[in-house]
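Single-structure report; data block below.
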Amino acid sequence: MNDKELMQRAIQRSAENIDNGGGPFGAVIVKDGEIIAEAGNSVTSTNDPTAHAEVNAIRMATKKLGTYDLSGCVIYSSCEPCPMCLGAIYWARLDRLYFAGTKTDAQDAGFDDSFIYDELELDYTKRKLHTEHIMRDEALAAFNKWKQFEGKEEY
């Protein structure tokens, strides 16, 4: 399948997902020309705010491949990923991202992530979410332990 056919599959998944009680988002992950995962958004059906199509597809792909590292994979998303999904795509090390709809299209449909983009630019003391920085010295103990741990798997 070529890029347009794979994107069409992600778009089709987004439309079908509405009929299955989910949001209008779909994602497909491909490795070596084979679809290894495809998913829709299931936030409301699972009561999981992280269950976006891209995150669901990443979870399926990592489980199928038995690794957190999706290098060599490509993701097709029916819409420009939100900040959470984009972060997950980077953390999973996918090689490429293709998307169809834009974040503005999503906003027009009632899915507005602009406040998150705005908040990320602010110092944590100025964000709308009350945030306090406490017990740093105690937390550093785990990082220091990690630095010394010989059995660590770098990721």
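Each residue takes its place number in the sequence, starting with 1.
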Joint cluster assignment, I36 & M1, ILVMFWY side-chain distance < 4.5 Å: no
Neighbour count >12 (heavy atoms, 6.0 Å) for atom OH, Y117: yes
Residue pair V43 / H52, side-chain heavy-atom distance below 4.5 Å: yes
Residues T102, D105; criterion side chain to side chain donor-acceptor pair (under 3.5 Å); working and verdict: CA-CA 5 Å; T102 67; D105 298 330; 3.1 Å; yes
Close side-chain approach of K103 to D113, heavy-atom, < 4.5 Å: no
Validation row: I75, P81 side chains within 4.5 angstrom (heavy atoms): no
I58 reachable from W91 in the ILVMFWY side-chain graph, under 4.5 Å edges: no
Heavy atoms of other groups near E121 CD, more than 12 under 6.0 Å: no
Side-chain H-bond candidate by donor/acceptor type, D69 with T67, under 3.5 Å: no
Single-linkage hydrophobic cluster, 4.5 Å side-chain cutoff, Y90 and L65 together: yes
S78 versus A10, closest heavy-atom pair with distance: CB-O, 3.8 Å
Heavy-atom side-chain proximity of N56 to S42 below 4.5 angstrom: yes
Side-chain touch S71/D95, heavy atoms, less than 4.5 angstrom: yes
Heavy-atom side-chain contact between E153 and Y68 under 4.5 Å: yes
F111 side chain near P24 side chain, heavy-atom distance below 4.5 Å: yes
side-chain contact (heavy atoms from CB on, under 4.5 Å) between L97 and L86, intermediate numbers included: CA-CA 9 Å; L97 159 67; L86 185 59; 4.2 Å; yes
Aromatic plane relationship, Y98 with Y76 - under 30° parallel, 30 to 60° tilted, over 60° perpendicular: parallel
Nearest atoms (heavy-atom pairs only) where E119 meets K128: OE1-N, 2.8 Å
Path from M84 to L94 over hydrophobic side-chain contacts below 4.5 Å: no
Side-chain touch I29/K64, heavy atoms, less than 4.5 angstrom: no
Taking every non-hydrogen atom, the tightest pair across S77 and E54: OG-OE2, 2.6 Å
Heavy-atom closest pair, residues A61 and A37: N-CB, 3.7 Å
Where R59 and T50 come nearest, the two heavy atoms and their spacing: NH2-OG1, 3.0 Å
K126 atom NZ, neighbour heavy-atom count above 12 within 6.0 Å: no
K4 backbone acceptor or donor facing N2 side chain under 3.5 Å: yes
Minimum heavy-atom distance Q107-S114, with the two atoms named: NE2-OG, 4.3 Å
Hydrophobic cluster membership, F115 vs L120, 4.5 Å side-chain cutoff: yes
From CA spacing to verdict: side-chain contact (heavy atoms from CB on, under 4.5 Å), I89, L70: CA-CA 9 Å; I89 290 166; L70 296 180; over 6 Å; no
